[in-house]
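The first residue of the sequence shown is numbered 1, and numbering continues consecutively from there. For ligands, and for the atoms within them, numbers begin at 1 and follow the listed sequence. In what follows, every heavy atom counts, from backbone to side chain, and hydrogens, waters and symmetry copies are set aside.
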Amino acid sequence: MSVKDVQAIQDKVAEYWTDVRWVESTGSTNADLLKDGSAPGTVLIADEQTAGKGRLGRHWVSPKGSQLAMSMVIDVTDTPPPFGLLSIAPGVAVTDVVPQAQLKWPNDVQICGKKIAGILSALDMPRVIVGIGINVAMRPEDLPVETATALNLEGIDVDFDEFTADILAAMGRRLKQWQERDPQLLEDYRKVCSTIGQQVRLELREGEETVRGLVTGINDEGEVLIDDTPFSVGDVHHLRPTQ
Ligand code: BTN
């Protein structure tokens with residue numbers, strides 16, 4: 001799958017995004033926007049990434065035509081840190097468009113416990129680059145891990161351009177809620193966060209200190225509460241359900 005008409009996408013999302021660009025192939029859309037200093041409102045979509053970046057320094061697989069891989073530039077001048085809630089807005093946006101999806105804290109987008117999308121933000125004050133990769137149409141043999149899936153493999157077929165515009169519009173609305181500190185964002189996050197109520201095991205550092213317990217909620221800073229003790233995204237290496 002590929003973008004057919006980037007101008008039509010731009011026209012549909014002009015309220016939120018002023019410069020929607022598309023490239024056939026690049027290393028990483030996040031890295032490109034970090035490097036070129038693009039203005040807030042810029043979006044870069046790629047059919048293929050050859051050096052996609054994932055969380056914790058991992059490689060992110062984006063085979064040609066299988067994923068909606070894109071990054072966007074946000075201005076955070078008027079929205080000072082902490083940015084805990086910024087990382088949840090894009091995930092909620094995906095669940096707006098894909099109602100079958102849920103979020104594993106903080107922002108892994110899953111269907112039936114399998115990951116369909118990942119989100120990676122990079123701070124470059126006063127900009128934040130938010131990157132998202134959504135598995136739209138993948139062959140089972142291209143899935144990077146057993147715990148991943150794709151929309152088509154879950155019986156969800158989309159028109160790529162329409163889907164891209166819908167995701168960008170939802171992103172725009174949810175990021176605006178974040179900028180306006182609208183409590184609805186967190187309320188909606190809690191509704192779609194499958195981690196709440198789960199027994200989990202949490203690694204603070206790779207292979208080190210482990211916390212086990214029940215996820216009792218997500219606090220107003222977006223931190224996960226394990227038996228009511230808060231842990232922020234920056235403190236957690238990995239969180240895994242234990243049942
Ligand atoms: C994760 O590991 O869950 C986050 C993956 C984020 C991938 C997206 S694809 C578009 C953007 N460009 C990148 O290099 N990474 C992000």
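- Under the 6.0 Å distance and 45° angle rule, R181 counts as a cation-pi partner of W178.
- Contacts of R58 with ligand 1, taken as heavy-atom pairs under 4.0 Å, are absent altogether.
- Side-chain contact, S28 with N30: no donor N or O sits under 3.5 Å from an acceptor N or O.
- When hydrogens are left out, the protein atom nearest atom 1 (C) of ligand 1 is R55 N, 3.5 Å; that is the closest non-hydrogen contact.
- Between T29 and A46, the closest heavy-atom pair is CG2-CB, 3.6 Å.
- Near S71, meaning under 4.0 Å from one of its heavy atoms, ligand 1 places the atoms 11 (C), 12 (N).
- Atoms of ligand 1 found under 4.0 Å from any heavy atom of M70 (numbered from 1 in listed order, with element): 10 (C).
- Considering backbone and side-chain atoms alike, T29 places an N or O below 3.5 Å from some N or O of ligand 1.
- For ligand 1, the polar-atom distance check against S62 finds no nitrogen or oxygen pair separated by under 3.5 Å.
- Every atom of ligand 1 is numbered from 1 in the order shown, and the set under 4.0 Å from a heavy atom of S28 is 12 (N), 13 (C), 14 (O).
- The closest protein non-hydrogen atom to atom 15 (N) of ligand 1 is K53 O, 2.8 Å.
- Neither the backbone nor the side chain of L56 has any atom closer than 4.0 Å to an atom of ligand 1 (non-hydrogen atoms only).
- Summarising the geometry of G91 relative to V109, their closest heavy-atom pair is CA-CG2, 4.3 Å, with the distance given to 0.1 Å.
- Counting atoms of ligand 1 from 1 in the listed order, those under 4.0 Å from a heavy atom of G133 are 8 (C), 9 (S).
- Between the side chains of S232 and E223, no donor-acceptor pair is found at a separation under 3.5 Å.
- Below 4.0 Å from some heavy atom of G52 lie the following atoms of ligand 1, by number and element: 14 (O).
- Using modelled atom types, one finds no donor on one side chain facing an acceptor on the other under 3.5 Å when comparing S38 with R127.
- Note: R173 CZ to Q184 CD = 13.0 Å, rounded to the nearest 0.5 Å.
- Hydrophobic clustering (ILVMFWY, side-chain heavy atoms < 4.5 Å, transitive): L153 and V61 are in distinct clusters.
- When all heavy atoms are compared, the tightest approach of R190 to I196 is O-CD1, 3.7 Å.
- In terms of protein heavy-atom proximity, atom 9 (S) of ligand 1 is nearest to Q49 NE2, 3.3 Å.
- Residue W60 places no N or O, backbone or side chain, under 3.5 Å from any N or O of ligand 1.
- The distance from ligand 1 to the heavy atoms of K115 drops below 4.0 Å at these ligand atoms: 1 (C), 3 (O).
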